[in-house]
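A note on names: the letters A, B, ... follow the listed sequences, proteins ahead of strands, and every chain is numbered from 1. Note that these values count all heavy atoms, side chains included, but never hydrogens, waters or copies made by symmetry. None of the values given here were measured: they were computed from a predicted structure.
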Amino acid sequence: MLKVLLPTLMLIPTTWLVPGKWLWPTTLLHSLLIALISFTWLINMSEVGWLSLSPYLATDALSTPLLVLTCWLLPLMILASQNHTATEPLNRQRMYITLLTSLQFFLILAFGATEVIMFYVMFEATLIPTLILITRWGNQAERLNAGTYFLFYTLAGSLPLLVALLLLQSNAGSLSLLTLTYSAPTQLPTYGDKLWWAACLLAFLVKMPLYGVHLWLPKAHVEAPVAGSMILAAVLLKLGGYGMMRMLTVLEPLTKELSYPFIIFALWGVIMTGSICLRQTDLKSLIAYSSVSHMGLVVGGILIQTPWGFSGALILMVAHGLTSSALFCLANTNYERTHSRTMVLARGLQMVLPLMTAWWFIASLANLALPPLPNLMGELMIIVSLFNWSWWTLALTGTGTLITAGYSLYMFLMTQRGQLPMHIIALEPSHSREHLLMALHLLPLILLTLKPELIWGWSA
Amino acid sequence: MDVNSKPEFRLSSPSDFFKDLEAQLAAMRQKAADALPGSSWSPLELNPNLPPERADIVIVGGGVVGWSIAYWLKQKERVRGEVKVVVVEKDTTYSQASTVLSAGGIRQQFSLPENIHLSLASADFMRSINDHLGVLNEDPIDLQFNQSGYLFLASEQVAHIMEENYSIQRNVGAKVRLLSPTQLKDKFPWINTDGVVLASYGLENEGWFDPWTLLNAFRRKAVSMGVFQCCGEVTDFKHLTNMVMTADGEHLPLRRIQSVKVQMPNSLEYQPVECAIVVNAAGAFSGKLADMLGIGFGPKNTIAGIPLPVEPRKRYVYVVHCPDGPGLDTPFLIDYSGVYFRREGLGGNFITGTSPEESEEPNTRNLDVDHQFFEDKVWPSLAHRVPAFEKLKVTSAWAGYYDYNTFDQNGIIGIHPLINNMYFATGFSGHGLQHSPAVGRAVAELILDGNFQTLDLSGLGFRRILTQEPMMERNIV
C-alpha cells in the first residue's frame with residue numbers, strides 16, 4: 001500500500017518543483033507509473049481475504065478494482081486538463097494538479113481503509129478538493145450554486161452516518177472491517193435501530209446518488225471542469241457504493257424489509273432519469289443524468305444483497321466509471337472547440353472529425369450496455385438478481401434498459417449525425433492527446449471483457 | 001426656549017408598532033422572502049445589467065432584426081431552454097437606431113425574387129402578429145398596419161424596367177397592378193400625371209406600420225421566452241486564428257470567436273461573454289463590428305482584404321402639414337425623381353423625403369437635419385407631382401441611418417467565410433424593417449437547422465461579395 005501512497009504524496013512536491021515546461025509531461029509520467037504500480041494489487045484476485053495487510057490499510061477483492069480505477073484515472077485527468085488550463089498562470093496549473101493528487105490520495109486511503117471511521121474521514125475529506133475544483137475552475141456563475149448543492153447534500157447525508165458509526169463503535173467495540181464481518185448479528189428490534197439503519201446508509205445513498213437525493217449530481221457534473229467531472233463520475237460516486245457494500249454486513253437483519261422502498265426508488269430512478277436524458281439539450285447534463293440512471297441500478301444490486309447482486313454492482317461500477325469518464329472527455333473535446341455544451345449547435349461532427357466519431361461510437365455502445373462489454377455483464381447480473389427477488393422488477397429494469405439504449409443512441413446521433421451547421425465547418429483537428437485519452441479509457445474496458453475475474457469481487 | 005422642558009425624544013413604543021401593523025407585517029414578510037431561498041438576493045453585489053458569463057448565441061444589435069432573430073431562435077427550439085440567447089444593445093433609448101427612425105413602409109415591389117419573398121412572408125407575419133407575438137395577459141399588439149399600398153410612378157425611360165419588375169412580382173405572388181396615366185388620374189385625382197407613363201400600385205400587403213410597436217412586440221415576446229437582454233456595447237472579440245492554405249496556395253486566416261467583450265454603458269465595467277455563435281445585426285454600425293475582427297484588413301485581392309461593405313448613410317424625413325392634401329386612401333407614393341411621401345395619421349400630415357445623390361451624401365457624424373435639403377431637393381419635385389403640396393408647412397423633421405450596403409444595396413444574410421461562427425444579417429439599405437420577421441426566421445433556420453428551410457436566401461449570402469457579382473435591384477429610382 002505504501003508503494004502507491006508515498007509516490008502519490010510525493011507527486012505534490014514534484015508538481016511544485018518541476019520547471020514550467022516539464023510540468024505536464026512529468027506529472028503525467030509520474031501518475032502513470034503510480035497506476036502501473038497499482039496493478040500489482042491485482043495478483044491473487046481470486047483469493048477471498050485481505051492483501052497488502054497492515055493494521056490501518058488493506059485491499060481485498062471488493063476494494064481492489066476501485067483502487068486500481070482510482071489510480072488509473074489520475075493520468076487520464078492530467079491528460080484531459082492539459083488544454084483548458086494552458087492559458088492559466090503556471091502556479092495555478094500546479095495548484096490544479098495538486099488538488100487532483102490530493103483527491104487521489106484521499107481516495108486511496110478511503111478505499112484501502114480497514115477502519116470504518118477512517119473510511120468516513122476520507123469520505124468527507126474528498127469533498128474539499130472537489131468543491132475547490134468545481135467552484136474555482138468551473139465555467140459559469142452557476143458553479144457556486146452547484147458547489148453549495150454538492151457540499152450540503154453530501155454533508156447532510158453524512159452527519160447521521162457519523163452518529164451511527166459512533167453508536168456502532170460503542171456497541172461493537174471495534175469498527176475494523178477485518179473483524180466486522182465475523183461479529184454476531186445483533187438484535188435490532190426498536191424503531192431507533194431502524195433509524196440507525198437508515199442513518200448508516202443515507203450518506204452513501206446520497207453519494208451514489210439515489211433518485212430523490214440526486215439533485216446535486218447534474219449541477220456538480222455540469223459545472224465542474226473536465227477533470228472534476230471525470231473523477232466525480234468515475235470514482236466519487238463509487239465511494240457511496242463501496243461504503244454501502246461494507247456497511248451492509250452489520251445492518252442485518254433489518255435490510256431485508258427496510259431496503260424495499262430504496263430498491264423501488266432506485267429502479268424508478270433508472271426510468272425517470274433515463275427519460276430526462278431523452279429531453280436534455282446540454283450534453284454534459286445528459287451524461288450526468290445517465291450516471292444517475294446507471295447508479296440506480298447499482299443501488300438496486302447492492303441492496304438486494306445476493307452474491308450476483310454484489311458482483312454485478314461492482315462490475316457495473318468499474319465499467320460505468322470508465323465509460324462515463326470517457327463520455328465526459330468526449331463532451332469536453334466538443335466544448336473546447338465550439339465553446340458550447342448545447343447539442344443542437346454542434347451536430348454532424350462525423351463529417352468534421354471522423355476519428356473522434358469512432359470513439360463516440362464505442363463510448364455510446366458501452367453506455368447502452370452492448371455485449372460483451374462488462375457494462376452489460378454487470379447490468380445483467382443485477383437484473384437477474386432483482387428478478388430472483390421479485391418478478392415485477394423486470395418491468396422496471398427492462399424499461400430502463402430500453403430507455404438507456406434510447407438516450408445513448410440519441411446522444412450519438414445528435415452529436416455525430418445530421419446536417420453539419422455552417423458555423424462548425426472549420427474546427428481544430430483532433431489532437432493525439434485526445435485520441436490517447438480515449439484509448440486509455442476504452443481499451444481497458446474492452447480488455448476487461450476478457451478477464452472479468454479482476455472486477456467481480458468476492459464471487460470466486 | 002423653555003429651559004424647564006425636557007428635550008423631546010421619540011420613543012418607539014409598542015403602540016407605534018401596532019399603529020401601522022399592516023405595513024410592518026408586510027415589511028417583515030418581505031424581509032423573510034428576501035432571506036429565504038427563492039429570492040434573488042445574493043451576497044455578491046452583481047450589476048444586474050451584466051450579461052451572463054456564457055451564452056450560446058450572442059446577438060449584437062437590439063434593433064428589429066436582432067430581436068426578430070432572437071424571437072425566432074426561441075420559437076424554433078424544440079425543448080424549452082435549448083439555446084441561451086443574449087441580445088446586446090448599446091443604446092436602449094434607441095436614439096440613433098435605424099429601426100425607430102424608419103418611415104415604416106413595406107412593399108413587395110422589388111425586382112429580386114428573394115426580396116419579394118421576404119416582404120410577402122413578413123407581411124403575412126405582421127397580419128397575424130398576435131398569433132405569433134401575443135403574450136398571455138398582456139395587451140394585444142396593434143401595429144397600425146395601414147395597407148394602403150405603394151405607388152411607383154415611371155417615366156418614359158424607365159417604364160420598361162417597371163414592366164419587367166411587374167411580371168417578376170406577379171410570378172412570385174405579389175398583388176401588384178399596373179396603371180396607365182388615365183387610370184391613375186381616375187383613381188387619384190390629386191396626382192399630376194405629367195411625365196408619368198406607367199404606374200405600379202400594390203393592392204395587398206403593402207403600406208406602412210409602426211416600427212416601434214413591432215420592435216417592442218418582438219422584444220416582449222422574446223424576453224418572455226427567455227432571451228437575456230443586456231444594455232452594453234461590444235468592444236472586442238477574443239478569437240482564435242488558424243492559418244489555412246487554400247487549393248490555390250493562398251493563406252487565409254480563419255478566425256473563431258471565443259468570447260465577446262461587452263462594455264457597460266458609461267462605465268469601465270465589462271463582461272466577457274463566452275459564446276458559440278455571434279450574430280451581427282448591428283445595422284448601420286455593422287461595419288465597425290466587422291473591423292474589430294479584422295475583416296477587410298488583409299492584403300488586397302485576397303478574401304481577407306474584402307471588408308464588410310456596410311456603412312451608415314444619413315437620410316432625412318420631413319413631416320409636413322397640408323390640410324388640402326390627398327385623402328385617406330393615399331398610397332406610399334414614390335416618384336421617378338426619387339421623392340416619396342405617405343400619409344401620417346388622420347390630420348392632414350404627411351411624411352416625405354428623398355434619397356440624395358451619391359455625390360451629395362450628408363456626413364454621418366450626427367443626426368442633424370438639413371432643412372435646406374427639403375427646400376432644394378424635395379419640395380420642388382413633390383409640388384410638381386402633387387399640386388396640393390405647393391402650400392404646405394414643415395412641422396418637424398428627423399434623420400436616421402440606413403445600414404447601406406455600398407456593394408449592391410441588398411441585405412447580407414449568412415456566415416462570413418473567414419469568421420467561422422459569425423452570422424451576418426445586415427446591409428439591408430432601407431428595407432431591413434420590412435424584411436425583419438422573415439430575415440429573423442431565415443437566420444434562425446441557418447443556425448438551428450443548418451440551412452434555409454422556408455425561403456432560400458442563399459443568393460443573399462457572402463458569396464456574391466467575394467466573387468464581386470452584385471445582385472442589384474433594378475430600380476426605377
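Top candidate by heavy-atom pairs under 4.5 Å with chain A, chosen from Pro52(B), Gly414(B), Ala276(B), Cys275(B), is Ala276(B). The greatest number of non-hydrogen atom pairs below 4.5 Å with chain B, out of Leu420(A), Thr281(A), Ile425(A), is found for Thr281(A). Interface summary for chain A: among Asn451(B), Leu240(B), Asp449(B), Val244(B), the most heavy-atom pairs under 4.5 angstrom belong to Asp449(B).
Judged purely by atom type and a 3.5 angstrom limit, Asn421(B) has no side-chain atom pairing as donor or acceptor with the backbone of His423(A). The main-chain N or O of Arg279(A) is never found under 3.5 Å from a side-chain atom of Arg78(B) such that the two would form a donor-acceptor pair.
Residue contact with chain A, scored on non-hydrogen atoms closer than 4.5 Å, involves the backbone and the side chain of Ile447(B) alike. Proximity to chain B is absent for every atom of Gln280(A), based on heavy atoms less than 4.5 angstrom apart. For a residue to count as touching a neighbouring chain, one of its non-hydrogen atoms must lie under 4.5 Å from one of that chain's; by this rule Arg337(A) touches chain B with the backbone only.
Taking a 6.0 Å sphere around OH of Tyr270(B), one finds it holds 12 or fewer heavy atoms contributed by other residues, nucleotides or ligands. Residue Met245(B) places its CE atom among 12 or fewer non-hydrogen atoms of other residues, nucleotides or ligands, all under 6.0 Å distant. The 12-atom threshold is not exceeded at CE of Met351(A), counting heavy atoms of other residues, nucleotides or ligands nearer than 6.0 Å.
Contact record, Asn242(B) with Glu428(A): ND2-CG, 4.5 Å, taken as the closest heavy-atom pair. The shortest heavy-atom contact between Glu82(B) and Val344(A) is OE2-CB, 3.5 Å. Contact between Tyr335(A) and Glu274(B) at its shortest, heavy atoms only, is OH-OE2, 3.1 Å.
Between the OG atom of Ser340(A) and the CZ atom of Arg54(B) there is a distance of 5.5 Å, given to the nearest 0.5 Å. With rounding to the nearest 0.5 angstrom, the NE2 atom of His339(A) is 13.0 Å from the CD1 atom of Ile277(B). Asp56(B) contributes atom CG, which lies 3.0 Å from atom OG1 of Thr342(A) (distance to the nearest 0.5 angstrom). Interatomic distance, Glu53(B) CD to Arg143(A) CZ, rounded to the nearest 0.5 Å: 5.5 Å.
Identified by a heavy-atom distance below 4.5 Å to chain A, the contributing residues of residues 252-265 of chain B are Leu254(B), Arg256(B), Gln258(B), in residue-number order. Within residues 228-237 of chain B, no residue has any heavy atom under 4.5 Å from a heavy atom of chain A.
Annotation: side chain of Asn420(B) is not in contact with side chain of Ile424(A) (no heavy-atom distance under 4.5 Å).
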